[in-house]
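What follows is a set of notes on a single structure, which appears directly below.
Chain letters run A, B, ... following the sequence lines, proteins first, then strands; residues in each count from 1. Nothing here was measured: the structure is a model prediction, and the numbers come from that model.
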There are 2 protein chains.
Amino acid sequence: MDKKCPVYAVMNFMGKRWTILILLELYKGKSAWKRYSEVKKKLPGITPKVLSMRLKELQKEKLILHKIDASDFPIKSTYSLTKSGEEFIKIVKAIKHWGLYWKVKSGACESTNCKKCEF
Amino acid sequence: MDKKCPVYAVMNFMGKRWTILILLELYKGKSAWKRYSEVKKKLPGITPKVLSMRLKELQKEKLILHKIDASDFPIKSTYSLTKSGEEFIKIVKAIKHWGLYWKVKSGACESTNCKKCEF
DNA sequence: CCGGATCCTCTGCGATACTG
DNA sequence: CAGTATCGCAGAGGATCCGG
């Protein structure tokens with residue numbers, strides 16, 4: 001696959017750990033701007049470095065926007081999905097549906113174990 | 001994300017290197033059974049170990065089928081997409097379209113550089 | 001509060017050689 | 001032909017500390 005191929009380009013960021021989780025977290029807030037610390041709190045186990053890295057990558061890919069308010073302390077840093085980011089969620093949904101349809105055995109995400117997946 | 005979540009499960013295999021390429025290679029042959037060596041030849045740079053690993057993973061995930069004919073030599077080992085594997089290609093196409101729409105700058109995959117992406 | 005800098009671990013993957 | 005076995009490295013990502 002040519003490195004210029006869109007599939008390659010997309011897999012290059014969506015394949016990384018936490019990326020999809022972060023997108024879903026922002027998606028749940030819809031048009032709202034979510035703070036760094038809010039996202040972090042919702043993703044137990046993620047380290048600040050990795051969250052930072054992913055957020056930057058997603059900015060570069062234009063899936064999210066970043067707004068900084070350093071006018072006063074504490075600094076307020078917020079993120080939100082762009083239009084393309086919202087469109088991308090559709091792909092994640094397609095993945096979810098494929099998984100549910102072809103791997104229904106577990107009934108995951110419809111079960112009480114996966115309430116967080118409200119998307 | 002719960003490890004039982006379908007999205008998690010899917011990303012767990014689709015995120016790995018070569019996986020999508022292998023699926024596309026089998027898809028191009030449609031219902032035909034493709035031999036190990038054929039796939040290998042079409043994916044320059046892949047090592048036998050990795051190809052083996054990916055093929056096994058995909059069997060486990062029920063995206064491909066494996067048929068072995070050891071009745072006479074040389075051994076003939078062939079692979080083909082299952083129904084769910086074919087359905088999965090739709091997701092890859094969705095990714096491609098998203099990439100083309102939101103990252104058209106390069107015009108990749110419509111360009112002469114990416115003729116291999118005939119899917 | 002946000003996130004950069006360091007260090008360190010762990011594993012995915014490549015290279016190569018070998019077998020039924 | 002269709003893989004397995006062994007070795008080694010680079011790079012992703014976790015833990016922790018620090019600075020604006």
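- Between A:S52 and C:dG4 there is a side-chain N or O to OP1 or OP2 distance below 4.0 Å.
- B:Y27 and B:K93 share a side-chain donor-acceptor pair at under 3.5 Å.
- A chain of hydrophobic side-chain contacts below 4.5 Å, direct or via other Ile, Leu, Val, Met, Phe, Trp or Tyr residues, connects A:F73 to A:I68.
- Judged purely by distance below 3.5 Å, without hydrogens or angles, the side chains of B:Y36 and B:K76 never pair a donor atom with an acceptor atom.
- When the C1' atom of C:dC2 is taken as reference, atom CD of A:Q59 falls 13 Å away, rounded to whole Å.
- Residues B:G99 and A:V10 approach most closely at CA-CG2, 4.3 Å, considering heavy atoms.
- For residues 35-51 of chain A, every residue pair satisfying the salt bridge (charged side-chain N to carboxylate O under 4.0 Å, His left out) rule, not counting sequence neighbours, is listed here: A:E25-A:K42.
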Identify all pairs in which a protein N or O lies below 3.5 Å from an N or O of nucleotides 8-10 of chain C, and state each distance.
none

What's touching nucleotides 17-20 of chain D from the protein side, N or O pairs under 3.5 Å?
none

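- Applying the salt bridge (charged side-chain N to carboxylate O under 4.0 Å, His left out) test to pairs two or more places apart or on separate chains, those with a residue in residues 78-87 of chain A are A:K83-A:E87, A:E87-A:K90.
- Hydrophobic cluster membership differs between B:L65 and A:W102, with clusters built from Ile, Leu, Val, Met, Phe, Trp and Tyr side chains linked at under 4.5 angstrom.
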Taking protein heavy atoms under 4.0 Å as touching, what does nucleotides 8-14 of chain D look like 5' to 3' if B marks base contact, S marks sugar-phosphate-only contact and - marks none? -----BB

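- In this structure, B:I22 atom CD1 and D:dG3 atom C1' are separated by 14 Å, rounded to whole Å.
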Determine, step by step, whether B:F88 and B:F13 satisfy the ring pair (Phe, Tyr, Trp, His ring centres under 6.0 Å) criterion, reporting the C-alpha distance in whole Å, the side-chain angles of both residues, the deciding distance to 0.1 Å, and the verdict. CA-CA 12 Å; B:F88 189 80; B:F13 69 80; 5.7 Å; yes

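- As judged by a 4.0 angstrom heavy-atom cut-off over every strand, A:K40 is placed among residues making no nucleic acid contact.
- Between B:L23 and B:L58, the shortest heavy-atom contact is CD2-CD1, 3.9 Å.
- Legend: residues meeting ring pair (Phe, Tyr, Trp, His ring centres under 6.0 Å) with B:Y79, ordered by chain and number and at least two apart, are B:H66.
- Phosphate contact (OP1/OP2 of C:dG3, side-chain N/O of A:Y79, threshold under 4.0 Å): present.
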